Engineer: 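I am attaching a structure below and will ask some questions about it afterwards.
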Amino acid sequence: MTHAIALVDGNNFYVSCQRVFDPKLEGRPVVVLSNNDGCVVARSQEVKDLGIKMGTPWFQIERLARQHGILALSSNYTLYADMSHRMMSILGEFSPNQEIYSIDECFLDFDGLARRDLTEYGQRIRQITRQSIGIPVCVGLGASKTLAKLANHVAKKRPAFEGVCDFNAMAPQALDALLNDIAVGEVWGVGGRIAQRLRALGIQSVQDLKQARPKIIRQQFSVVLERTVAELNGVSCLALEAIAPAKKQIMSSRSFGVPVTSLDELTQAVVAYTTRACEKLRSQNSIAGSIQVYLRTNPFKETDPQYSRGITLSLPAPSSDTRALVRSAIAGLQRIYRPGFAYQKAGILLDDLRPAGIRQISLFDDLDGEERSQRLMTTLDHINRKMGRDTLRLLGEGLEKRWKTRACRLTPCYTTRLAELAIARAI
DNA sequence: TCTGGGGTCCTAGGACCC
DNA sequence: TCTGGGGTCCTAGGACCC
């Protein structure tokens with residue numbers, strides 16, 4: 001039996017979230033910038049029509065932006081995360097089996113609904129989501145995740161489909177003709193490099209890749225791309241993962257708002273990043289066995305002396321205690337720091353993660369101390385959840401935080417902070 | 001002046017073992 | 001001149017995704 005898998009995603013998600021709370025943005029060209037107000041990470045349709053590409057540095061298009069009245073906003077991840085939760089819980093109502101794949105997209109399993117008119121069902125999903133939270137979405141359907149992603153691309157790019165495209169409902173010849181008309185680089189898992197190599201082999205369109213010999217693809221590329229070919233042929237190789245597996249690494253890194261030279265300030269930043277990563281670590285109930293610290297100067301400033309280094313330290317014992325991980329992180333930083341450079345970024349990576357509670361106990365372990373540590377961290381997390389992030393924190397983060405990321409165009413946290421609720425006025 | 005952050009998976013190659 | 005074969009584990013690096 002043919003599977004029916006849907007991919008639903010929010011159109012221009014970050015921009016759409018902003019528009020829900022500020023109607024003045026409707027119909028205007030709007031971009032959302034990455035951390036540090038660096039690059040364009042979301043664009044409204046008006047901006048896409050101007051030919052501005054994803055990832056363009058803001059300073060390169062500032063003049064163009066003034067000409068066309070483009071409004072730029074700092075990214076407000078608190079808002080997007082909250083809107084994402086709401087959207088996902090609405091979409092989850094349409095299938096017993098949902099995989100949340102990213103902040104703005106999820107797969108839905110429609111296998112049990114095979115008798116329904118799924119195109120109509122897709123339209124209903126769009127309508128309800130729009131009504132409930134004001135986010136426009138598109139729906140793609142196919143027999144595998146890869147096909148569902150591709151169908152979603154078609155639903156977005158080709159107005160004739162009106163936001164819903166079901167490959168399963170198309171005649172085989174019509175589908176082949178459509179796939180023949182889509183560049184191979186649009187396939188999920190085919191990035192710039194692989195697309196280039198495929199083209200060199202004469203594989204230009206999605207249809208070409210679908211018809212490629214799996215054995216050759218495996219030889220020339222990898223087992224991953226071989227799987228993609230199978231998926232394009234309707235053989236589902238990638239299962240829907242309704243329960244997100246625990247992360248294997250947890251990273252926290254940021255570019256600085258201003259260049260940083262002193263070990264003191266780098267230490268503050270590293271303490272802050274480690275604190276964040278440990279919160280994430282504990283929230284998935286894991287402990288870390290090792291931590292990597294790295295720092296680097298700004299590679300774009302080619303005239304400046306460059307330095308980039310990282311170091312991995314094994315912890316004396318796997319832990320999720322912020323204090324223990326911070327100790328290791330600082331020790332690592334001290335070993336790789338060199339004075340005389342203008343640093344642009346630092347980060348840490350928690351690695352060798354495993355579930356808390358499963359570990360080898362050694363003769364010298366301080367079990368009482370460990371219990372105290374756990375109680376302390378639980379209390380810390382509880383207070384910070386209740387009273388707001390950073391209510392309780394290590395002094396090592398510093399107070400002034402000159403190095404903090406820039407966000408000059410930040411909008412309010414409309415849905416998560418009482419003081420920043422949107423205000424509606426009746427006229 | 002100004003160029004993001006956070007993840008995953010796979011492969012190749014070296015070290016080491018029997 | 002000739003110089004085993006097969007396995008595991010680890011790490012670094014590449015490619016991809018959003």
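All of these numbers come straight from a predicted model, not from anything done at the bench. We use all heavy atoms of the structure for the numbers below, so side chains are in, but hydrogens, waters and symmetry mates are not. Within every chain, numbering begins at 1; the chains are lettered A, B, ... in the order of the sequence lines, protein sequences first and strands thereafter.
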Engineer: Could you tell me whether A:Gly55 contacts a base, only the sugar-phosphate backbone, or nothing, with contacts defined as non-hydrogen atoms closer than 4.0 Å?
Structural biologist: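 Contact class for A:Gly55: none.
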Engineer: Could you give the CG-to-P distance, from A:Asn298 to B:dT3, as a whole number of Å?
Structural biologist: 6 Å
Engineer: Any side-chain donor-acceptor pair under 3.5 Å between A:Gln18 and A:Tyr80?
Structural biologist: yes
Engineer: Go through B:dT8, B:dG4, B:dC10 for me and flag the one nearest to the A:Lys247 side chain.
Structural biologist: B:dT8
Engineer: In terms of ring plane angle, is the pair A:Tyr273 and A:Trp403 parallel, tilted or perpendicular, where the classes change at 30° and 60°?
Structural biologist: perpendicular
Engineer: Within this structure, what is the CG-to-C1' distance between A:Asp304 and B:dT3, rounded to whole angstrom?
Structural biologist: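 So the two atoms are 14 Å apart, to the nearest Å.
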Engineer: If you only use heavy atoms from C-beta on, which nucleotide in B:dG5, B:dT3, C:dC18 is closest to the side chain of A:Lys149?
Structural biologist: C:dC18
Engineer: Give a yes/no on whether any side-chain N or O of A:Lys345 is located under 4.0 angstrom from OP1 or OP2 of B:dT3.
Structural biologist: no
Engineer: For the side chain of A:Gln249, starting at C-beta, report the closest nucleotide among B:dG6, C:dC18, B:dT8.
Structural biologist: B:dT8
Engineer: Whole angstrom is fine here: how far is it from CD1 in A:Ile194 over to P in C:dC16?
Structural biologist: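 To the nearest whole Å, that distance equals 4 Å.
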Engineer: Rounded to the Å, how far apart are A:Asn35 CG and B:dG5 P?
Structural biologist: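 My rounded result for the distance is 5 Å.
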Engineer: Name the closest nucleotide to the A:Lys301 side chain, picking from C:dC18, B:dT8, B:dC2.
Structural biologist: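 Nearest listed nucleotide: B:dC2.
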Engineer: Pick base, sugar-phosphate or nothing for A:Val187, based on heavy-atom distances below 4.0 Å to the nucleic acid.
Structural biologist: sugar-phosphate
Engineer: Of the nucleotides B:dG4, B:dT3, B:dT11, which one has an atom closest to the side chain of A:Gln60?
Structural biologist: B:dT3
Engineer: Report which part of the nucleic acid A:Arg227 touches: base, sugar-phosphate, or nothing (heavy-atom distance under 4.0 Å, all strands).
Structural biologist: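 It contacts sugar-phosphate atoms only.
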Engineer: Under a 3.5 Å cut-off for both distances, is B:dC10 Watson-Crick or wobble paired, and to whom?
Structural biologist: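 Result: C:dG13.
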Engineer: Applying a 4.0 Å non-hydrogen cut-off, can you work out what A:Glu105 is touching in the nucleic acid: base, sugar-phosphate, or nothing?
Structural biologist: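 The answer is sugar-phosphate, as A:Glu105 gets under 4.0 Å only of primed atoms, P, OP1 or OP2.
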Engineer: Is the closest side-chain donor-acceptor distance between A:Thr146 and A:Arg227 under 3.5 Å?
Structural biologist: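 Not at all, the side chains of A:Thr146 and A:Arg227 share no donor-acceptor pair under 3.5 Å.
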Engineer: Report the distance from atom CZ of A:Arg193 to atom P of C:dG13, rounded to the nearest whole Å.
Structural biologist: 15 Å
Engineer: Indicate, with a heavy-atom threshold strictly under 4.0 Å, whether A:Asp37 touches base, sugar-phosphate, or nothing.
Structural biologist: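 No contact.
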Engineer: Relative to each other, are the rings of A:Tyr343 and A:Tyr337 parallel, tilted or perpendicular (30° and 60° limits)?
Structural biologist: tilted
Engineer: Work out how far the P atom of B:dC17 is from that of C:dT3, and round it to whole angstrom.
Structural biologist: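 Each nucleotide's P atom is 25 Å from the other's.
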Engineer: For A:Ser34 and A:Ile250, find the nucleotide of DNA chain B closest to each by heavy atoms; which residue's nucleotide sits nearer the 5' end?
Structural biologist: A:Ser34
Engineer: Is it the case that atom CZ in A:Arg158 sees more than 12 heavy atoms from other parts of the structure closer than 6.0 Å?
Structural biologist: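 Counting other residues, nucleotides and ligands, CZ of A:Arg158 exceeds 12 neighbours.
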Engineer: Nearest whole Å is fine: how far is B:dT3 P from A:Gln306 CD?
Structural biologist: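 Taking CD of A:Gln306 and P of B:dT3, I get 12 Å after rounding.
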Engineer: Which is more 5' along DNA chain B, the nucleotide nearest A:Glu62 or the one nearest A:Ser253? Just name the residue.
Structural biologist: A:Glu62
Engineer: Under a 3.5 Å cutoff, is there a donor and acceptor pairing between the side chains of A:Asp37 and A:Ser74?
Structural biologist: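 Yes, side-chain donor-acceptor contact under 3.5 Å.
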Engineer: From the options A:Asn97, A:Leu141, A:Asp166, A:Asn168, select the one residue that forms a side chain to side chain contact (heavy atoms under 4.5 Å, CB included) with A:Phe110.
Structural biologist: A:Leu141
Engineer: Under 4.0 Å between any heavy atoms, over every strand shown, what does A:Ser75 touch: base, sugar-phosphate, or nothing? Just pick one.
Structural biologist: nothing
Engineer: Rounded to whole angstroms, how far apart are OH on A:Tyr101 and P on C:dC17?
Structural biologist: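 It works out to 8 Å between those atoms.
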Engineer: Under 4.0 Å between a side-chain N or O of A:Ser222 and OP1 or OP2 of B:dC9?
Structural biologist: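 For B:dC9, OP1/OP2 do not have a side-chain N/O of A:Ser222 under 4.0 Å.
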Engineer: Among the nucleotides B:dG7, B:dT3, B:dC9, which one has an atom lying closest to any side-chain atom of A:Lys248?
Structural biologist: B:dC9
Engineer: Would you say A:Arg406 places a side-chain N or O within less than 4.0 Å of OP1 or OP2 belonging to B:dG4?
Structural biologist: no
Engineer: Please give, in whole Å, the distance from C:dG14 P to A:Phe221 CZ?
Structural biologist: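 Roughly 18 Å, once rounded to whole Å.
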